[in-house]
Each structure stands twice: as structure tokens, then as C-alpha cells.
Amino acid sequence: MEYQHILVAVDLTEECDPVIKRAKTIALANGAKVSLVHIVEPMAMAFGGDVPMDLSQLQQQQFDQAKERMERLYNKYPDIQRGDSHLVYGQPRQEIHQLAKDQTCDLIVVGSHGRHGLALLLGSTANDVLHGAPCDVLAVRLQKKEKE
Ligand code: AMP
């Protein structure tokens, strides 16, 4: 079976490079299109929804910064069309699944830190995205940075 539309979830850190590169390799072999998605999590959500201050300005800064980083990715990977990238507010698992459905993606690619022990109990985005995914999910193992 050939993949036709690959959705790459990017956290906009330097770690998204190996994830995008793996998706591009698969896309090339399958003649598939690649779309990027980054989710900006509402700050109130991160603080448990009960914050006694106005977070709208901080939230806007967070969104603008994500937009700027997304722009850098377009420049770095010019074969990925701007129109094929998505910057959305929400909860990563929910938004990634919804977008994969809306855009009829047949593969979602995420990075995975291969956590174990306590860190695994706390969960990871890759784990979260896998559950209930509307299509195949590829978790690209991210290497730990060597200590200098
Ligand atoms: P984490 O489990 O948060 O360390 O992230 C692992 C992978 O999940 C990243 O390499 C991305 O593929 C994906 N991911 C994490 N956070 C986001 C986000 N806010 N938007 C899109 N993808 C994300």
C-alpha cells in the first residue's frame, strides 16, 4: 500500500528535523504529499484551566513565536508548501487526529523519545497520538543528545 498524504507533527524544536526528514524519505518513495502541523496549547489548559490572570497577551506571543518558527521550517524545506502546513490551537492528540481526518491523511509521523520508567508513566505525545488514530502512525525515535 502506498501512502498518499503524510501528516508530520512538529514541536518546532530542533528535534523536528529528523522527524521531517524521515517523512520526506517515505513521501519520496510513495509519491506522497507532506503536511506539517503544530499545535499551540492554550496556556489556561497547561495551568489546569484555573488561572487568576489574563493570559491573552502571553498566548498571542506564544502563537506569534510558533508562526515564526513555522516560517523557518518552510524556508528550510522549500518543497513543503505553505498551504500544506497548519498551526492550530488546542490539545495535540485531538487536533492531530481531527486534521488527519479532515485532510484524509494516511500516515501521521511523530517523534518519540523512547522514554521508560517514570517518564513513561507521565506519557508522551507519540503515545497519545497513537491511541485512537484514524490512520497509521510512525514514531521516529529521537536520539538522546550526547553530553559535552
Ligand atoms: P513529546 O512527547 O512532547 O516530547 O513530543 C514528541 C513528539 O510529539 C514531537 O517530536 C512531535 O512529533 C510531537 N509533538 C509534541 N508536541 C507537539 C505540538 N505541540 N504540536 C505538534 N506535534 C507535537
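Just so you know, ligand 1 is whichever comes first in the structure, and atom 1 is the first atom listed for that ligand.
Q62 pairs by the side-chain hydrogen bond (donor to acceptor under 3.5 Å, both in side chains) definition with Q59, not counting sequence neighbours. Checked against side-chain contact (heavy atoms from CB on, under 4.5 Å), T13 has the following partners two or more places apart in sequence or in another chain: D11, E15.
With salt bridges taken as basic N to acidic carboxylate O contacts below 4.0 Å, none links E71 and K67.
For a threshold of 3.5 Å applied to N or O pairs, the pair formed by H113 and ligand 1 contains at least one separation below that value. Checked by distance only, ligand 1 and I39 come closer than 3.5 Å through their nitrogen or oxygen atoms. Backbone and side-chain nitrogen or oxygen atoms of A9 are examined, and one is located within less than 3.5 angstrom of a nitrogen or oxygen of ligand 1. Looking at L142 next to ligand 1, no N or O pair under 3.5 Å apart turns up.
The residue among D128, D11, V140, T125 with a heavy atom at the shortest distance from atom 3 (O) of ligand 1 is T125.
Using a 4.5 Å heavy-atom threshold, the side chains of V110 and L138 count as separate.
Per-residue contacts place S124 under 4.0 angstrom from the following atoms of ligand 1 (heavy atoms of the residue considered): 2 (O).
Across all their heavy atoms, H5 and S35 have their closest contact at NE2-OG, 2.7 Å. Here the shortest heavy-atom pairing between P18 and V140 reads O-CG1, 4.2 Å.
For V37, every heavy-atom contact with ligand 1 shorter than 4.0 Å involves the backbone, none the side chain. Residue contacts with ligand 1 for V10 involve N, CA, C or O but no side-chain atom from C-beta outward (heavy atoms, distance under 4.0 Å).
Residues V19 and V37 do not share a hydrophobic cluster, clusters being chains of Ile/Leu/Val/Met/Phe/Trp/Tyr side chains in contact below 4.5 Å.
Using 4.0 Å as the threshold, E15 has no heavy atom nearer than that to any atom of ligand 1.
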